[in-house]
Protein chains: 2
Amino acid sequence: MADHDKNDDGLSRRKLLTRGTSAVALTGLAAGGGAAGMLEFSQTALAQQASRRTGGSVEVRPGDLDEYYGFSSSGQCGEVRVMGIPSMREIMRIPVFNRDSATGWGQTNESRKVLTEGLLPATRKFLETRGGTFVNGDAHHPHMSFTDGTYDGRYIFINDKANCRVARIRCDVMKCDKIIEIPNASDIHGLRPQKYPRTGYVFANSEHVVPIPNDGSVLDDPEQYWSVFTAIDGDSMTVAWQVLVDGNLDNCDADYEGKYAFSSCYNSERGVTLADMTSAERDWVVVFDIKRIEQAISKGDFKTMGGVKVVDGRKGSPYTRYIPVANNPHGCNMAPDGIHLVLAGKLSPTVTVVDVRRLADVFTDKIKPRDAVVAEPELGLGPLHTAYDGKGNAFTTLFIDSQVVKWNIDKAKRAYNGEKVDPIIEKIDVHYQPGHNHTSMGETKEADGRWLMSLNKFSKDRFLPAGPLHPENDQLIDISGAKMELVHDGPSYAEPHDICIVHRSKVNPLRVWKRDDPSWEEARQWAVKDGVKLEEGANVIRDGNKVRVYMYSVAPAYSLEKFTVKQGDEVTIFVTNMDDVEDLTHGFTIVRYGVMMEISPQQTSSVTFVADRPGVHWYYCQWFCHAMHMEMAGRMIVEPHQT
Amino acid sequence: MADHDKNDDGLSRRKLLTRGTSAVALTGLAAGGGAAGMLEFSQTALAQQASRRTGGSVEVRPGDLDEYYGFSSSGQCGEVRVMGIPSMREIMRIPVFNRDSATGWGQTNESRKVLTEGLLPATRKFLETRGGTFVNGDAHHPHMSFTDGTYDGRYIFINDKANCRVARIRCDVMKCDKIIEIPNASDIHGLRPQKYPRTGYVFANSEHVVPIPNDGSVLDDPEQYWSVFTAIDGDSMTVAWQVLVDGNLDNCDADYEGKYAFSSCYNSERGVTLADMTSAERDWVVVFDIKRIEQAISKGDFKTMGGVKVVDGRKGSPYTRYIPVANNPHGCNMAPDGIHLVLAGKLSPTVTVVDVRRLADVFTDKIKPRDAVVAEPELGLGPLHTAYDGKGNAFTTLFIDSQVVKWNIDKAKRAYNGEKVDPIIEKIDVHYQPGHNHTSMGETKEADGRWLMSLNKFSKDRFLPAGPLHPENDQLIDISGAKMELVHDGPSYAEPHDICIVHRSKVNPLRVWKRDDPSWEEARQWAVKDGVKLEEGANVIRDGNKVRVYMYSVAPAYSLEKFTVKQGDEVTIFVTNMDDVEDLTHGFTIVRYGVMMEISPQQTSSVTFVADRPGVHWYYCQWFCHAMHMEMAGRMIVEPHQT
């Protein structure tokens with residue numbers, strides 16, 4: 001269990017320092033000692049939440065710590081955001097599919113390795129004239145790795161819809177360490193990790209139907225377009241297998257027993273126009289039998305397509321079942337009870353509830369697919385996603401109604417069985433047009449029913465106007481009491497796509513890098529080859545027209561106050577930050593060279609570029625590090641070509 | 001005066017809609033009617049601020065609007081952030097020097113024009129092999145344009161230290177419309193607009209000394225390194241003139257009479273190592289006489305260097321004066337009284353106060369430069385920047401002490417004259433190591449003494465840990481009462497460099513684009529040439545191997561559900577968003593093509609790329625726009641080369 005109020009030597013640094021509020025001391029004590037139930041709840045936070053419900057404030061005061069991490073996708077920004085909840089503050093941005101100016105993500109050798117090594121050959125070739133990496137992404141569904149049905153604090157996985165990738169973020173250092181491109185797919189959309197026994201597999205959907213292979217041999221012939229479901233090995237970040245399906249795939253989830261995965265399909269028609277895609281009265285959820293698929297792989301019942309093993313899971317296959325559900329479904333959310341799966345109808349006012357205990361009989365054809373449906377309550381207009389409180393209730397966003405509806409699963413089942421009972425408990429207005437929603441720990445068996453976030457696509461008039469492009473609106477709703485209560489509006493830049501809300505006891509990041517971190521292994525190997533110690537480097541090694549410059553930094557200086565190269569040299573600069581004080585990050589920027597990178601305490605970062613601009617070019621530290629930070633600079637002297 | 005609670009037809013939409021809190025109605029009424037003093041203060045907000053001081057909350061509740069805009073630089077992120085104050089929420093990001101995945105900033109033809117047209121020829125050549133644009137920047141000092149000593153809501157100007165640029169943001173649409181690269185300079189750092197009679201000039205400092213020209217003809221010969229002060233014409237965004245100076249230049253400011261500009265110099269030694277830069281006991285502030293410089297230009301007393309007119313303002317020049325101030329000064333802040341300029345000593349515990357009324361005598365040599373100094377109080381360790389409350393008090397950040405010190409200017413002057421009086425009123429701890437600070441309206445003659453932000457470089461233990469890279473900490477301090485009170489900790493991603501805090505009555509952004517906006521003038525011209533109406537386009541125009549695709553969007557569809565091009569074609573896609581509903585932004589993304597852009601209501605955006613990847617490539621809307629948003633997609637069919 002992480003204790004965020006203690007530092008490495010066990011002393012509570014927070015208690016020794018001046019604080020903005022006396023409540024800090026209480027929080028510190030509570031977090032260090034008490035634990036309520038399965039999760040370590042801060043007594044102060046619980047008291048605050050209770051008192052707020054009688055008119056108090058949910059504000060996290062200066063110096064107080066949040067109770068939960070929110071790992072939020074940024075949608076089309078391509079990054080992942082680490083939020084504090086309930087403060088709704090953005091604590092950190094993690095560059096993933098985007099280009100980041102501050103850290104040099106996309107420019108440092110370490111980040112370029114992550115961004116390029118998992119690309120498919122055709123994409124690698126395509127990017128040759130485009131700088132070698134994509135610089136955009138559409139990051140939708142961030143989810144933490146699981147062990148035994150709950151978060152384990154190892155990784156966050158997230159998809160890129162735009163360029164068909166899946167990324168992994170290490171939660172110890174909060175940096176992306178792997179990105180792979182998925183073959184045979186178009187627009188990787190739904191993504192969820194296996195919940196049991198552990199992750200394991202990361203499941204990912206191909207949203208649009210395309211020819212496989214999509215190399216120009218099939219063009220405007222939609223009959224030959226297909227979609228695939230992908231299982232990625234989350235440990236090795238390689239594609240384990242794919243399943244060819246009928247229709248397209250939208251969102252997905254996994255069960256709590258490691259038996260099944262599920263994907264909603266809004267285009268069972270395999271249409272390519274809006275009219276085609278919405279023509280059927282019902283679409284389906286595809287159920288994947290993981291054990292059967294694994295057996296198919298081991299017995300050779302697959303085709304190798306695009307370099308991966310693809311099982312045929314189209315209708316009639318033993319590996320899948322297609323359960324008819326409400327029209328053009330979107331959300332696909334497994335309840336923490338391990339029993340119920342809810343598909344949100346989008347173009348229907350209903351959601352469809354599947355009892356996963358009946359799926360064994362569906363797969364053995366003892367019952368029909370539709371017989372696995374145990375409820376189909378009418379909730380309102382435009383149901384999109386469903387979250388849970390762990391107490392038998394569900395919260396579904398209604399896009400068109402701009403509401404969240406709280407409803408009871410058991411009552412919905414009774415109503416489906418003909419009983420006169422209304423499953424709807426309460427509706428609350430949200431502002432406006434909600435997409436995903438998420439409850440604290442709600443996608444795990446430890447769902448705690450404390451907070452709900454509604455990620456709203458429109459904010460309209462909720463914030464000071466900031467031009468034609470509006471922020472979206474992350475709203476926080478207290479669901480701990482009998483009535484839902486909206487407690488916070490949070491503007492969010494494009495876009496608050498999805499989030500997972502993780503109790504802080506599950507996450508324990510490093511405060512300072514460890515010198516043996518694998519992310520700069522290549523730098524380590526270069527240093528060995530050049531007979532240099534990264535930690536003591538103040539060397540310029542020439543190797544033909546390649547120059548390797550090694551320096552370390554201790555605030556407020558780099559170990560080299562200047563170095564000289566020749567115009568046209570390929571220069572690699574390795575900087576090792578030897579400060580080991582928490583939060584003492586340095587940077588390295590070269591003026592008018594477009595070079596900029598982060599070097600956090602005890603980290604090594606490197607960058608390679610061609611020095612094709614002669615003259616005197618200052619490099620400086622762009623992370624304010626010391627009273628004499630402004631003076632932390634040096635000169636790269638580039639001798640011009642002799643003419 | 002902007003009324004943010006009313007929409008275009010004068011009805012208060014906010015009052016007609018469901019809200020999260022009943023306080024909204026009060027705010028709406030107050031903002032629509034009342035005005036206190038020169039600025040339109042919300043009575044509710046004032047009451048909240050007063051009540052919070054007796055134990056209430058400063059929280060901006062759901063549906064309430066903030067009282068102030070904060071235009072915050074992002075430091076090395078390269079963007080500008082629009083914040084709400086006192087909520088401390090990030091309402092919008094404005095891409096400027098960075099690359100932005102969501103909006104396609106750096107990729108759309110409209111943004112590439114902004115990013116490239118102001119580049120110097122040598123840089124343009126340098127970037128030819130690097131994708132044509134810089135993708136990083138180090139954005140430090142955002143300041144709004146002035147008219148008659150106060151903000152006028154037209155523009156935000158900001159510098160890029162990394163690649164020597166100055167950018168302008170239009171406040172009507174909150175987008176950057178001009179970026180220019182500054183010749184003869186290294187690391188453009190300090191930036192301030194002229195305050196009177198209007199902006200007018202934007203003043204910008206070159207921080208490091210370099211050879212001029214820096215083309216390799218002078219290398220490791222620091223005696224030949226110089227620094228320049230630049231005046232940019234803020235209307236045309238061209239360099240008006242430069243001044244060659246002794247020493248380097250750090251931060252700058254302008255007076256309230258349009259006579260002078262000021263720049264602090266921490267390296268009067270013109271050193272190139274840390275030891276050299278800190279060797280002198282005192283450095284100086286350089287004072288620029290604007291009228292004399294303008295006369296020099298008109299009478300021809302300049303050299304043309306790097307394409308701009310450069311006046312020699314080195315020591316002994318009639319155009320400048322060098323006033324000795326405390327060692328290695330950093331902050332350079334003009335008080336709203338129009339009289340006092342404060343230079344913060346950084347390596348000295350003192351700040352130096354200059355009375356600008358004495359500068360006329362300094363320029364006519366009636367008194368010595370140092371005789372313009374009227375106070376030099378000792379405040380604490382590492383003074384960096386000073387803000388003002390408009391009531392005669394100053395607030396200086398103490399980097400090393402991790403404090404903000406409130407002191408009285410008049411008392412400091414009396415103490416300097418030998419009176420036994422302590423100018424220090426109060427010190428407050430901040431967390432930790434503050435850099436810039438800023439008060440509400442504090443850099444204008446309308447300084448209102450309500451809020452102070454301390455932008456702290458270290459957060460250490462103030463937030464949930466998020467790995468070795470820590471957020472920084474924007475702290476909000478209530479200065480409206482007799483004692484300063486810390487009311488909010490706000491984590492900030494690299495880095496909270498500087499901010500200007502503008503009352504909302506000064507800013508009145510558009511909610512929807514106007515169709516005649518100049519930013520897509522080139523698209524308009526192409527459409528005329530091709531005989532297409534942008535607003536009705538559903539056309540594919542072939543012009544050799546160039547293809548122009550025109551479409552418009554109305555949720556949930558594009559006007560073209562597919563289009564076909566040939567592999568190797570240069571394709572330009574123009575999308576016009578014909579929805580005119582506020583907040584109904586569309587996007588345009590092409591899968592596995594790295595293409596993504598924003599099209600807000602009534603906007604036209606375009607992107608050009610080579611279609612060198614054959615096959616079926618879906619394009620889709622990445623801004624959730626409609627219940628059938630997922631279905632808003634089409635196909636780009638790329639016919640392969642015949643082999």
Side-chain angles (χ1 to χ4, degrees), chain A residues 14 18 20 57 59 62 76-78 82 91-93 98-99 101-102 126 131 134 136 162 173-174 187 208 210 214 216 219 273-274 277 382 429 457-458 460-461 463 465-470 486 489 491 493-494 509 513 561 583 589 594 596 600 613-616 618 622 624 627 631 637 640, chain B residues 14 18 20 57 59 62 76-78 82 91-93 98-99 101-102 126 131 134 136 162 173-174 208 210 214 216 219 273-274 277 382 429 457-458 460-461 463 465-470 486 489 491 493-494 509 513 561 583 589 591 594 596 600 613-616 618 622 624 627 631 637 640:
Chain A
R14 296 170 54 76
T18 309
S57 170
E59 196 184 357
Q76 57 271 44
C77 275
V82 183
I91 296 175
M92 185 51 56
R93 300 184 192 174
N98 60 324
R99 183 79 190 250
S101 168
F126 172 77
F134 286 118
N136 74 307
V173 293
M174 299 285 181
D187 342 29
H208 287 115
V210 284
N214 192 7
L219 292 173
T273 65
L274 183 62
M277 291 179 192
D429 290 344
K457 304 298 186 178
F458 290 70
K460 295 178 185 166
D461 54 0
F463 306 110
L469 179 62
H470 288 49
L486 175 65
D489 273 28
Y493 184 65
W513 287 86
E561 55 101 342
D583 203 4
T589 297
M596 191 180 265
S600 277
R613 173 163 230 174
V616 178
W618 285 87
Q622 80 271 23
F624 212 107
E631 289 83 350
I637 294 169
Chain B
R14 294 171 55 76
T18 308
S57 171
E59 196 183 357
Q76 56 270 45
C77 274
V82 183
I91 296 175
M92 185 50 59
R93 301 183 191 175
N98 59 324
R99 182 77 189 251
S101 168
F126 172 77
F134 285 118
N136 75 306
V173 292
M174 299 285 180
H208 287 116
V210 285
N214 191 6
L219 292 172
T273 65
L274 183 63
M277 292 178 192
D429 290 343
K457 305 298 186 177
F458 290 69
K460 296 177 185 169
D461 53 1
F463 307 110
L469 180 62
H470 288 51
L486 175 66
D489 273 29
Y493 183 65
W513 287 86
E561 55 100 341
D583 203 3
T589 298
V591 173
M596 191 180 265
S600 276
R613 174 164 229 173
V616 178
W618 285 86
Q622 80 272 21
F624 212 107
E631 289 83 351
I637 294 169

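Every chain is numbered from 1, with letters handed out A, B, ... down the list of sequences.
With sequence neighbours excluded, no residue satisfies salt bridge (Lys or Arg N to Asp or Glu O under 4.0 Å) with B/Asp583. The ring pair (Phe, Tyr, Trp, His ring centres under 6.0 Å) check on A/Phe624 picks up A/His629, B/Phe399, with sequence neighbours excluded.
The contact between A/Leu219 and chain B is made by backbone and side chain atoms together, counting heavy-atom distances below 4.5 Å. Interface remark: A/Ser600 contributes side-chain atoms only to the contact with chain B (heavy atom separation under 4.5 Å). The parts of B/Ile91 that come within reach of chain A are both its backbone and its side chain, each placing non-hydrogen atoms under 4.5 angstrom from that chain. Residue contact with chain B, scored on non-hydrogen atoms closer than 4.5 Å, involves the side chain of A/Phe134 exclusively.
Note that the OG1 atom of B/Thr589 and the CG atom of A/Asp187 stand 9.5 Å from one another [nearest 0.5 Å].
Although no hydrogens or angles enter the test, the distance criterion places no donor-acceptor pair under 3.5 Å between the side chain of A/Asn98 and the main chain of B/Ser101. A donor-acceptor pair is defined here as one N or O able to donate and one able to accept, closer than 3.5 Å; no such pair exists between the side chain of A/Glu561 and the backbone of B/Thr273.
Using a 4.5 Å heavy-atom threshold, the side chains of A/Met92 and B/Leu469 count as touching. Within the 4.5 Å cutoff, the side chain of B/Arg93 has heavy atoms near those of the A/Cys77 side chain.
Per-residue heavy-atom pair counts under 4.5 Å with chain A were compared for B/Ala466, B/Pro468, B/Pro491, B/Gly78, and the maximum is reached by B/Pro468. Of the listed residues (B/Asn214, B/Val82, B/Val210), the greatest number of heavy-atom pairs within a distance under 4.5 Å of chain A belongs to B/Asn214. With chain B as the partner, the residue from A/Gly382, A/Ala494, A/Pro640, A/Ala162 showing the most heavy-atom pairs under 4.5 Å is A/Ala162. With chain A as the partner, the residue from B/Met277, B/Glu631, B/Arg99 showing the most heavy-atom pairs under 4.5 Å is B/Glu631.
When every heavy atom of B/Gly467 is checked against every heavy atom of A/Pro509, the shortest pair comes out as N-CB, 3.5 Å.
Figure legend: cation-pi geometry between A/Arg613 and B/Phe126, with NZ or CZ positioned under 6.0 Å from the six-membered ring centre and within 45° of its axis.
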